[in-house]
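So you know, we letter chains A, B, ... as the sequences are listed, proteins then strands, and number each from 1. Values below: every heavy atom of this structure, side chains too, minus hydrogens, waters and symmetry copies.
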Amino acid sequence: MSRHHKENPYLAHRMPQHGAEDEPLFGFLPRKVTGAQVRKALQHDINPFTKIPHTPRYKEMLEARRKLPVYAQMDSSTRWCVVVLSFNKNQIIVIVGEPGVGKTTQIPQFVAYTDLPHVKGKLVACTQPRRVAAMSVAKRVADEMDVQLGRHVGYSIRFEDMTEPGTTFLTYMTDGMLLREAMNDPDLNHYSTIILDEVHERTVATDILMGILKSLAKKRSDLKIIIMSATLDALKFQNYFGIQKGSLAPLFKVPGRTYPVEVFYTREPEPDYVESAIRTVLMIHRAEDSGDIKLEADDFANQDSDSIGPIVCIPLYSSLPPEQQQRIFDPPPKPQRPNGPPGRKVVVSTNIAETSLTIDGIVYVVDPGFLKQSVYNPRIRIESLLVSPISKASAQQRAGRAGRTRPGKCFRLYTERDFMSELEEQTHPEILQSNLAITVSALLKLGVRDLVKFDYVDAPAPETLMRALELLNYLAALDDDGNLTALGSVMAEFPLDPQLSKTLISSPEFQCSNEILTITAMLSGEANVIANSHSVGFLLDFSVPNVWLRPNNQRKEADAAKALLTVPDGDHLTLFNVYNSYMQNKYDRNWALNNFLSARALAQAENVREQLQRNMERSELELVSITDEKKMCTAIRKVLCCGYFMQVAHKEGNMGNYLTVKDNQVVALHPSCGLDTQPEWVIFHEFVLTTRPYIRTATDVRAEWLLELAPVYFDIATFTDGETKRALKRVVNKQAGRSGRVERGTRRPKRRISEEAVALESMMLSFNLYS
DNA sequence: GAGCACTGC
């Protein structure tokens, strides 16, 4: 895609209607612009990008911007234009500053003024770890620049591209989105400057982007890179991005402007942070002056207070629909009677509000000291969302949120001793504790050859890399030398887990890609993973949106509605049936609600399906259907085996017990499962551990299909002795008898581990990781 | 006989 430029400030003096000096960008040379010039252009009456006179609102907002600490870096007479100057001089710079100093909104604007990306037909991109942040910041910046959102300033997140090719020169985007773009254009040629924001959050996408940008900087000397962090661990990034070993990338610290926050600790550790949080909030409400409260936890129950003044609790998390998210900006409730005690607003938030979102008026912060994060255990190959302690850096961020408007207070629901001695200094990088299957295929797709030697900011554990390589190898996405196969390359194009990707890509061969596309969309909605630190086990869910509603007072009706939509051969087929019925009823919300289905989950599936369909068209994968319903169902069940042959369970005895293949975990079908019998073999989408281990979203499959479609994984020689192995053997012998052959023992399994994996394996042995 | 909303593509 080529982005041609429309407005060239070099040519400004040729325009007849203004004198040259009237042009706001007169004399601006890209990357040679000074802070003083930028300041002057900002105060000009004409918008340099739209050539329209500025609105009064622009001037008002400019006044407010001038008060931001980051503005002073450009505006002060003693250190004027340090940021701009350094940007001009260096290829990579690091900027740190607390939330609220204006990094995210102002720096990209300064960069746009000195880099002048529109002159070159390029863009300045600023990444954010979260969609909400990308959207809301883009809106704010478009307002500040007096342009329409989606034109000169835009944003780009999944399902929503608010940019206009050829016009947009500043765009905010999620880090995952930029990573996707890098897969198709490894040199990121659209961009003149890339700003990675909130790098302290250490999301997997940001970490990988840091790695590829570091090497891309050598290749593309014209590319400028800015690393922005809200915490003071800048040295790590300065070191990482130093031009030579031992040298540091230049750093800019933007001093904060927040008010002092008094921090209180509990005297004793609190056994129940939810109960303790509620108590603290009510205490604040009774005893403290007016001012809203932000509570970071994951559960909060409103409790009747005595007649102190109304209190309103507002939840905040990312998957909340935007209009509900807006509620956090509502004013606190009015007193119940004239001159009565003032009302108070309590925002109960996940760590989305830690840095990404700023709510004015918050004076009190209650910090239970936990966050939910997904943690991958490579030994049992399970990723689960766990409640774990936050880092000191996070605790400081949280406290800082109380001092935005005036001096505030932060109540930490843990002891000072725990803070000092138990909390890690910095947030643990996500890449060190996640399932790397998607990451590994992304890196390979990005052209990284050697996954071990890749220049990670923090290198993941060899065992985790090994697990990822193994999974991708089984799925035939990697060959035995660790290279991406043609299949693997297509798989990486899809925003899906490798198992789902493989299933979808295999579907045209079975003439049912339309159907599998629907099922895939239904399976890949919002993440929905829960773990509880109090229970012995944990609950795991491979991201199934729950389409089934079951209101407490209408359970019977809900169950009856579900029974009508259930297909007895398997839950995957039921999901297909649900979506089809929804489609036949013209995507009607009310139909969904009348049938106790979540309209949001269905709308989400609709979105995902459209996106995946575009992906399939781009990859030239045929969209086909089988008309015969029975054949279609069989084909669907077979295709599922292509991607999920590692998630199979075999029935043991008649007590409803199943044993997962190879891992030998005793599991049961989840009570929500719609299978009318207990089939001998089932394929399942998720494993959940609540009151007992369950498998959920299960479908009846046949051993013959598994042997045929996943011969390597189902090589009998690789099974330990037991009922599963005997059952497989019976099927093999029956097949051999039918074809007149006699199976003589079993073949040795082909070695499926690449050289790289062997290297990893020996490394792991030397680290004693197998012990 | 079942829940319980980290984030992203």
Side-chain angles (χ1 to χ4, degrees), chain A residues 127-134 156-160 173-184 198 201-209 274 296-301 315-321 324-325 348-356 370-375 383-388 390 394 427 430 433-434 438-439 441-442 445 492-497 500-501 524-535 538-539 541 543 545-546 548-552 555 558-559 562 598 600-601 607-608 611-612 615 656 668-674 688 690-692 694 696:
Chain A
T127 66
Q128 298 292 317
R130 294 187 184 78
R131 300 161 53 92
V132 214
S156 168
I157 58 178
R158 189 182 186 187
F159 305 129
E160 218 182 331
M173 62 207 301
T174 44
D175 50 10
M177 204 68 190
L178 188 62
L179 197 57
R180 279 262 149 228
E181 273 191 36
M183 285 186 212
N184 295 317
E198 316 281 17
E201 294 215 16
R202 304 300 305 275
T203 64
V204 175
T206 294
D207 266 32
I208 296 178
L209 282 170
V274 177
E296 297 209 22
D298 22 52
D299 195 7
F300 184 86
L316 175 66
Y317 50 89
S318 174
S319 54
L320 204 65
Q324 282 188 53
Q325 271 176 9
V348 186
S349 171
T350 63
N351 49 347
I352 188 171
E354 201 170 290
T355 55
S356 307
F370 295 107
L371 85 159
K372 269 186 175 167
Q373 56 181 356
S374 97
V375 178
E383 196 166 24
S384 47
L385 194 64
L386 292 173
V387 176
S388 26
I390 59 170
S394 269
T427 302
E430 217 176 69
Q433 48 194 21
S434 22
I438 298 181
T439 308
S441 66
K445 182 85 183 171
E493 300 262 347
F494 287 83
L496 296 169
D497 280 348
L500 261 185
S501 232
S524 94
E526 307 159 34
N528 210 2
V529 196
I530 304 105
N532 188 337
S533 61
H534 306 302
S535 65
F538 48 83
L539 187 150
D541 176 326
S543 79
N546 197 3
W548 310 104
L549 299 178
R550 202 163 184 258
N552 277 336
R555 289 191 183 179
D559 289 348
K562 186 176 174 186
S598 157
R600 264 193 79 214
N607 253 335
V608 177
Q611 188 191 30
L612 294 177
N615 282 324
L669 294 172
H670 195 269
S672 65
C673 180
V688 285
T690 45
T691 51
R692 59 167 299 185
Y694 286 115
R696 200 155 58 179

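- Whole-Å rounding puts the A:Asp175 CG to B:dG8 C1' distance at 7 Å.
- In this structure, the side chain to side chain contact (heavy atoms under 4.5 Å, CB included) partners of A:Ile157, at least two apart in sequence or on a different chain, are A:Arg131, A:Ala134, A:Met135, A:Tyr155, A:Glu160, A:Thr174.
- When the P atom of B:dC9 is taken as reference, atom CD of A:Gln611 falls 9 Å away, rounded to whole Å.
- Proximity note for A:Arg130 (side chain, C-beta onward) versus B:dG1, B:dG8, B:dG3: the nearest is B:dG8.
- A salt bridge is absent between A:Glu198 and A:Arg130; no separation between the charged side-chain nitrogens and carboxylate oxygens falls under 4.0 Å.
- Proximity note for A:Pro671 (side chain, C-beta onward) versus B:dG8, B:dC9, B:dA2: the nearest is B:dA2.
- One finds no side-chain N or O of A:Thr174 lying less than 4.0 angstrom from the OP1 or OP2 phosphate oxygen of B:dT7.
- At the heavy-atom level, A:Arg131 lies under 4.0 Å from the strands shown only through sugar-phosphate atoms.
- For A:Thr203, the side chain to side chain donor-acceptor pair (under 3.5 Å) criterion is met by A:Asp175, A:Thr206, not counting sequence neighbours.
- Taking the side chain of A:Asp559 as heavy atoms from C-beta on, and the options B:dA2, B:dC6, B:dC9, the nearest nucleotide is B:dA2.
- When all heavy atoms of A:Glu493 and A:Asn615 are compared, the pair lying nearest together is O-OD1, 4.0 Å.
- Here B:dC9 presents its P atom at 15 Å from CG of A:Asp497, a figure rounded to the nearest Å.
- Contact annotation for A:Ile157: backbone-only contact, meaning every heavy-atom pair under 4.0 Å involves sugar-phosphate atoms and none involves a base.
- Across all non-hydrogen atoms, the minimal contact from A:Val608 to A:Phe159 is CG2-CZ, 3.7 Å.
- In this structure, A:Arg202 atom CZ and B:dG8 atom P are separated by 19 Å, rounded to whole Å.
- The CE atom of A:Met173 sits 20 Å away from the P atom of B:dT7 (whole-angstrom rounding).
- Residue A:Glu160 contributes atom CD, which lies 13 Å from atom P of B:dG8 at whole-angstrom precision.
- If you measure from atom CD1 of A:Ile208 to atom C1' of B:dC9, you get 12 Å, rounded to the nearest angstrom.
- With rounding to whole Å, A:Asn615 atom CG is found 13 Å from B:dC9 atom P.
- Residue contacts shown for A:Tyr694 are limited to sugar-phosphate atoms, with no base heavy atom under 4.0 Å away.
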